[in-house]
Chemist: 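Just dropping this structure here.
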Amino acid sequence: MIIIVMGVSGSGKTTIGKLLADSLEWEFSDADTFHSPENVEKMRRGIPLSEDDRIPWLQDLQTAIKHWLQENKNMVLACSALKDSYRQFLVVDSDRIKLVYLKGSYELIQMRLQERSNHYMSEKLLGSQFSTLEEPLDSISMDVVQPPQIIVQNIITALGI
């Protein structure tokens, strides 16, 4: 199974994803590591990525997902996956790929981003992330106000693992 932990920047995808993977004794991967240096630089400067910027990134992610499925790996992938079309492209097997949506208010996420250091994602992009976000209907939704360990336990319970 592959669990895609999705949401806007600052929602806790990496934190929750790593905790979830550790709890399940699964592998973890962060979709941010699949971005080209050019994409990272754009985001660092506060420039939203275009669809053309995202296509190679999504293709690389889909290739990795297909590879993990072929190898029957249990994976947790932290990935923004803000648009429904991106999720449809990545969820190549709906029986074996599950979405977990980390949902939080603009104000809470903004506060988290202001407190964060050593990350290339600019706080300036939060508005464009929320504008781009198409909330998933077919996911496990978690309110990010809760402590990370509670969120992870709730995800495990919701998935029945």
Chemist: When clusters are formed by joining ILVMFWY residues with side-chain heavy atoms under 4.5 Å apart, either directly or through shared neighbours, do I150 and I161 land in the same one?
Modeler: no

Chemist: Just by modelled atom types, is the G7 backbone N or O under 3.5 Å from a matching donor or acceptor in the K13 side chain?
Modeler: yes

Chemist: How close do F89 and Q62 get, counting heavy atoms only, and between which atoms?
Modeler: O-NE2, 2.8 Å

Chemist: Treating W26 as the side-chain partner and M1 as the backbone partner, does any N or O pair qualify as donor plus acceptor under 3.5 Å?
Modeler: no

Chemist: Would you say I156 and Y101 are hydrophobically clustered, going by side-chain heavy atoms of ILVMFWY under 4.5 Å?
Modeler: yes

Chemist: With clusters defined by side-chain heavy atoms of hydrophobic residues (ILVMFWY) lying less than 4.5 Å apart, directly or transitively, does M111 cluster with I151?
Modeler: yes

Chemist: Look only at the side chain of Q110 and the backbone of L126, and say whether a donor-acceptor pair between them is shorter than 3.5 Å.
Modeler: no

Chemist: Taking all non-hydrogen atoms of both residues into account, name the closest pair between S80 and W57 and its distance.
Modeler: OG-CH2, 3.7 Å

Chemist: How close do A81 and M6 get, heavy atom to heavy atom, and via which atoms?
Modeler: O-CE, 3.4 Å

Chemist: Drop me the distance from L159's CG to I140's CD1, to the nearest 0.5 angstrom.
Modeler: 3.5 Å

Chemist: Check V92 against I97 and note the closest heavy-atom contact, atom names and distance.
Modeler: N-CD1, 3.6 Å

Chemist: More than 12 heavy atoms of other residues, nucleotides or ligands under 6.0 Å from CD of E25: is that the case?
Modeler: no

Chemist: Just by modelled atom types, is the G12 backbone N or O under 3.5 Å from a matching donor or acceptor in the T15 side chain?
Modeler: no

Chemist: To the nearest 0.5 Å, what is the distance between CG on D60 and OG on S36?
Modeler: 9.5 Å

Chemist: Would you say that C79 contacts F34 through its side chain, given a criterion of any heavy-atom pair below 4.5 Å between the two side chains?
Modeler: no

Chemist: Is any side-chain heavy atom of I3 closer than 4.5 Å to a side-chain heavy atom of L20?
Modeler: yes

Chemist: At what distance, to the nearest 0.5 angstrom, does CG of D22 lie from CG of L24?
Modeler: 9.5 Å

Chemist: Where is the tightest heavy-atom contact between V5 and G17, given as atom of each residue plus distance?
Modeler: CG2-CA, 4.3 Å

Chemist: To the nearest 0.5 Å, how far apart are CE in M142 and OG in S11?
Modeler: 13.0 Å

Chemist: Taking a hydrophobic cluster as the set of Ile, Leu, Val, Met, Phe, Trp and Tyr residues connected by side-chain heavy atoms closer than 4.5 Å, whether directly or through intermediates, do V145 and L19 fall within one such cluster?
Modeler: yes

Chemist: Just verifying a value: how many Å separate L58 CG and R87 CZ, rounded to the nearest 0.5 Å?
Modeler: 11.5 Å

Chemist: Does one hydrophobic cluster hold both L108 and L133, with members joined at side-chain heavy-atom distances below 4.5 Å?
Modeler: yes

Chemist: Would you check, one step at a time, whether the test side chain to side chain donor-acceptor pair (under 3.5 Å) holds for Y106 with Q129?
Modeler: CA-CA 10 Å; Y106 185 93; Q129 289 236 317; over 6 Å; no

Chemist: Quick one: which of E135, E51, E134 gives a salt bridge (charged side-chain N to carboxylate O under 4.0 Å, His left out) with K83?
Modeler: E51

Chemist: Please report the interatomic distance CD(Q146) to CG(L102), rounded to the nearest 0.5 Å.
Modeler: 10.5 Å

Chemist: Please step through side-chain contact (heavy atoms from CB on, under 4.5 Å) for the pair V91 and D138, ending with a clear verdict.
Modeler: CA-CA 11 Å; V91 179; D138 56 347; over 6 Å; no

Chemist: Between H35, E41, K42, which is the residue that forms a side chain to side chain donor-acceptor pair (under 3.5 Å) with N39?
Modeler: H35

Chemist: For the residue pair S9 and I109, what are the closest heavy atoms and their distance?
Modeler: O-CG2, 3.1 Å

Chemist: Taking S50's backbone N and O only, do any of them form a donor-acceptor pair with D53's side chain (distance below 3.5 Å, no angle check)?
Modeler: yes

